[in-house]
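Written below as structure tokens is the structure these notes are about.
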Amino acid sequence: MKKYWYQEQVRILQTVLREKDAGQYDAGAVIRYMKETDTNCLVVNAGGVIDFFPNKLEMGKPGRYMGNQDILKVLTGECHENGIRILVRVDFRGVDKERYERQPHWFGQNEDGSPLMGWNDRIYRPCYTSFYGSGHAEQFLENLLREYDLDGVWENCVIFGFGPCYCPGCRESYRAYSGREIPSGGDYYSEEFREYREWKSLYAKKHMDRMRNAVKRFGEDKAYVSEIFGMYHVSSSLSSGIDLYDAKDKFDFLVSPLFLDGSAQPEKKYEDFSHAASGIRFLKAIAPDKQSVALTGGNGTKWRYVTAPRLESRIWMWEVVSAGGTLWNTYFNGQHPGKTIDRRNAGSEQEIYRYLKDKESYLMNQVPAGEIGIFYSRQTRDVFGNDRLEEDEYGSFIKGVERVLFACHMPYRFVPDLDFSYEKLEGIKVLLLPNAACLSEKQMEVMRRYVEKGGGLVASYRTSLYDEKGKQRPDFGLKEVFGCSFTGITRDTGSDSYQKVRRKHPILEGMDIDRTEMIMNEEKTLLCTKQRTDYTTVCTYVPLIYNQPPEYAWIPDENTEYPSILAGQYGKGRVVYFSNQTDKACFTNGHEDFVNTYRNAVQWALGGELKVTADAPEGVHISLTENKEVPGKKVISFVNTTSGPFRPVRSLQPVFHLEVRIRNAVLKESVVLREESRIEITQENKQGKKQILIRVPMLQEFSAVYLDTEEGKA
């Protein structure tokens with residue numbers, strides 16, 4: 001039973017104030033906008049960098065344009081009179097020069113003793129051990145909560161402690177912790193700084209604990225939250241010492257930046273639409289009992305003054321909703337979206353928020369469901385991941401897997417390595433290990449047991465080649481499961497590379513394999529030798545064949561002993577191992593040879609049909625969620641991304657005659673949550689088994705149905 005407001009659905013609007021906005025803030029207009037859009041929570045600046053209330057602390061800095069007004073007091077009153085919750089944004093990432101010079105010893109230092117600067121060198125940064133980042137921050141929160149009837153605090157940029165700090169406090173504390181000095185120079189992300197990063201993470205957690213306790217002293221109903229970058233962000237986690245694993249227990253609901261404009265990959269203009277749902281799936285996987293919120297909206301982190309593409313923004317928000325999440329709609333330039341520089345997306349969240357509000361009883365407690373699980377390894381991310389695609393050896397593998405599952409309408413969920421156990425795999429028929437390089441002995445034992453008892457496994461590349469601390473093993477930790485051994489040789493197969501077809505196999509189903517002797521290879525390939533005679537070598541590595549000049553575009557023998565795709569039965573379960581990077585290539589290349597082999601590998605490892613199957617174009621994303629408290633209560637959502645060939649999307653192409661089947665299930669109740677054509681939900685018999693059939697005659701943008709089912713019934 002829910003006890004506090006932040007455990008219920010939140011539909012948030014944030015008005016990020018610039019200093020000059022304080023002089024003309026119209027609280028009444030903000031409240032009217034929120035009521036029109038069914039927003040139930042406001043986030044507004046309180047201060048830190050600039051204060052938007054009369055702050056009398058030593059380091060307080062009220063904005064120059066505030067005059068005698070108290071925006072915070074007016075807003076708090078207006079919100080509560082209208083049944084709206086209010087969170088205040090505080091930010092302790094740093095101060096201006098004038099305040100720094102009052103107490104320079106409160107702030108961070110470079111190795112040469114110069115101040116740590118940040119954000120275009122406009123502010124002086126503290127560290128987690130500094131008084132500004134701890135004692136002052138605690139006083140700031142207590143002062144706010146004592147003076148104003150707030151519903152909680154959002155600590156913006158809780159990951160303010162980037163990289164190493166050499167202030168006296170850090171030097172002394174690290175010396176006491178390790179017996180050594182803070183490393184000098186070098187690559188902060190290297191092994192040399194590993195122990196320092198571990199120490200820093202401890203202080204980052206202490207900071208979050210201290211801030212949370214300061215808030216909770218005013219009541220458990222006061223929320224403490226912060227935004228933490230998600231599963232694909234490597235540098236921010238390593239540099240700050242905080243990621244979602246560390247933060248999930250500190251905050252009352254989870255918020256992750258999920259902007260359309262490529263915040264997870266700096267070189268991308270627009271993220272894949274699936275990224276929005278992926279982020280929510282991950283939040284739900286690590287903390288299913290908490291609300292999962294996407295920090296997103298009409299514009300993101302790159303173009304502060306111009307709205308994001310309108311139709312793309314709507315699709316993006318529907319993707320979040322389809323995975324069981326809700327939204328934090330943020331506009332970065334002043335007041336509410338109806339009174340800002342670019343108002344073209346004002347109200348764009350209205351229909352989505354109304355859907356969330358009207359269907360809340362059906363949507364609450366829904367978490368991603370499916371018989372396919374993607375194992376997520378934080379240690380592998382930290383060792384092999386990178387924010388830049390050309391250097392990344394982890395996140396891109398997962399993104400490739402997700403592309404295949406989305407395109408083939410295979411419902412899935414994440415299985416994080418957090419408290420990983422055999423019990424966590426309940427209901428998972430196939431476990432996917434996309435380059436899960438760093439695995440512990442305990443994790444591998446769970447996986448062995450899982451496959452022995454009948455679970456399917458699909459793994460790739462370096463999976464299990466390293467221990468949980470990133471130390472390389474002499475061979476795969478799961479070599480008996482994979483059926484092969486690593487020779488120690490890695491080949492660059494980035495171009496002019498192929499795989500030789502050695503056997504007809506279901507993994508090559510539908511690929512017209514009778515008419516080709518080779519399929520594509522790319523990225524990198526490990527040279528492995530087969531160790532189990534009962535496993536099938538489906539394809540083998542082909543040495544480089546230069547394509548120019550054409551007269552020399554051949555080699556004497558394309559056959560090698562090194563399997564690139566190996567399949568077999570281990571105990572009662574089926575295993576497929578890719579020694580190359582087929583899953584990554586599904587993202588970076590997308591050639592049908594990669595997508596088809598990976599899809600077929602999942603299907604073969606399953607050893608049968610999925611319970612939920614769909615007949616729909618690839619451009620339709622179909623998501624399955626299930627009530628975590630009452631199994632059988634499901635929501636199936638349809639998001640249409642079918643459009644022209646270019647991003648950003650300017651128009652959607654409607655799709656027709658979609659079908660979803662749920663096998664071996666009895667329908668107790670159904671409710672159409674949103675439709676754009678008359679959706680039909682029927683119970684039927686197929687080969688003596690009950691199944692549920694959902695027919696969607698036409699999908700323009702988004703549709704969803706709620707089902708109360710009883711499964712396993714004939």
Side-chain angles (χ1 to χ4, degrees), residues 371-375 397 401 404 410 422 425 428-437 439 441 443-465 473-487 489 499-511 513 518-519 521 525-542 559-583 586 593-594 596-610:
E371 297 172 292
I372 298 172
I374 301 177
F375 180 78
F397 285 77
V401 171
V404 174
M410 295 177 164
Y422 183 75
L425 296 175
I428 298 289
K429 297 293 181 63
V430 183
L431 183 64
L432 310 181
L433 305 178
N435 196 31
L439 297 178
E441 291 294 337
Q443 289 167 347
M444 291 190 298
E445 185 52 42
V446 168
M447 293 170 185
R448 291 187 195 98
R449 179 185 174 195
Y450 166 77
V451 182
E452 284 174 345
K453 290 184 174 294
L457 191 75
V458 180
S460 69
Y461 199 48
R462 291 191 177 115
T463 296
S464 79
L465 197 52
R473 295 185 170 102
D475 207 339
F476 300 116
L478 291 172
K479 69 176 181 178
E480 77 277 18
V481 179
F482 296 166
C484 64
S485 181
F486 179 42
T487 65
I489 301 170
Q499 302 174 70
K500 182 75 172 182
V501 176
R502 304 303 291 269
R503 294 284 186 280
K504 270 193 169 183
H505 193 278
I507 291 175
L508 304 176
E509 185 77 26
M511 295 173 62
I513 217 66
M518 291 194 288
I519 62 174
N521 197 9
T525 302
L526 303 185
L527 299 191
C528 302
T529 54
K530 183 178 172 181
Q531 299 296 305
R532 295 187 55 146
T533 58
D534 57 335
Y535 275 36
T536 300
T537 299
V538 181
C539 293
T540 53
Y541 159 80
V542 176
N559 296 309
T560 70
E561 63 176 327
Y562 307 116
S564 57
I565 306 175
L566 194 62
Q569 184 153 333
Y570 184 84
K572 295 180 180 179
R574 292 178 170 184
V575 177
V576 180
Y577 171 68
F578 293 95
S579 69
N580 58 11
Q581 301 182 345
T582 286
D583 34 13
C586 290
D593 283 353
F594 298 125
N596 290 341
T597 52
Y598 200 86
R599 174 203 63 202
N600 291 339
V602 174
Q603 191 66 58
W604 183 79
L606 175 69
E609 279 192 282
L610 292 166

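One is the number of the first residue; the rest follow in order along the sequence.
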Test log, rule side-chain contact (heavy atoms from CB on, under 4.5 Å), inputs T597 and M511: CA-CA 8 Å; T597 52; M511 295 173 62; 3.6 Å; yes
Which atom of F594 lies closest to which atom of T582, heavy atoms considered: O-CG2, 3.7 Å
Whether over 12 other heavy atoms sit under 6.0 Å from R473 CZ: yes
Heavy-atom side-chain proximity of L425 to V446 below 4.5 angstrom: yes
Worked verdict on M410 versus E371 for side-chain contact (heavy atoms from CB on, under 4.5 Å): CA-CA 8 Å; M410 295 177 164; E371 297 172 292; over 6 Å; no
Residues, nucleotides or ligands: over 12 heavy atoms within 6.0 Å of K479 NZ: no
F375: partners by ring-ring contact (aromatic ring centres under 6.0 Å, His included), with sequence neighbours left out: F420
Nearest-0.5 Å distance that lies between atom CD in E441 and atom OG in S464: 9.5 Å
Side-chain (Y535) to main-chain (C484) donor-acceptor, under 3.5 angstrom: no
Q569 (side chain) donor-acceptor with G571 (main chain) under 3.5 angstrom: yes
Salt bridge (Lys or Arg N to Asp or Glu O under 4.0 Å) assessment of E445 paired with R448: CA-CA 5 Å; E445 185 52 42; R448 291 187 195 98; 3.2 Å; yes
For a quick test of your reading: what N or O donor-acceptor pairs under 3.5 Å do the side chains of residues 456-463 make, sequence neighbours left out?
residue, atom, partner, partner atom, Å
S460, OG, N435, N, 2.9
S460, OG, D583, OD1, 3.4
S460, OG, D583, OD2, 2.6
T463, OG1, L433, O, 3.2
T463, OG1, A436, N, 3.0
T463, OG1, S460, O, 2.7

Main-chain N/O of G608 paired to Q603 side chain as donor or acceptor, under 3.5 Å: yes
Side chain Y562, main chain K530, donor-acceptor under 3.5 Å: no
Distance (rounded to the nearest 0.5 Å) between L527 CG and I489 CD1: 5.5 Å
Parallel, tilted or perpendicular: rings of F476 and F486 (30°, 60°): tilted
From CG (L431) to CE (M447), nearest 0.5 Å: 5.5 Å
Side chain to side chain, I428 and I372, heavy atoms closer than 4.5 Å: no
Check: V430 main-chain N/O paired with Y450 side-chain donor or acceptor under 3.5 Å: yes
CA sep, side-chain torsions, deciding dist, call: S564, N580, side chain to side chain donor-acceptor pair (under 3.5 Å): CA-CA 6 Å; S564 57; N580 58 11; 4.7 Å; no
Nearest-0.5 Å distance, CG of residue L508 to CD of residue Q499: 9.0 Å
Pair R502-T540, side-chain donor/acceptor within less than 3.5 Å: yes
Point-to-point distance, once rounded to the nearest 0.5 Å, from OG of S579 to CG of N521: 7.5 Å
Pair Q531-T529, side-chain contact (heavy atoms from CB on, under 4.5 Å): steps then yes or no: CA-CA 6 Å; Q531 299 296 305; T529 54; 3.1 Å; yes
Closest approach of K429 to L606 (non-hydrogen atoms, all atoms of both residues): CB-CD1, 3.4 Å
L566 side chain near V538 side chain, heavy-atom distance below 4.5 Å: no
Pair H505-T536, side-chain contact (heavy atoms from CB on, under 4.5 Å): steps then yes or no: CA-CA 9 Å; H505 193 278; T536 300; 4.0 Å; yes
Ring-ring centroid check F578 Y598, cutoff 6.0 Å: yes
Spacing of I519 atom CD1 and N596 atom CG [to the nearest 0.5 Å]: 9.5 Å
Test item: R532 and F482 side chains (from C-beta on) under 4.5 Å apart, heavy atoms: no
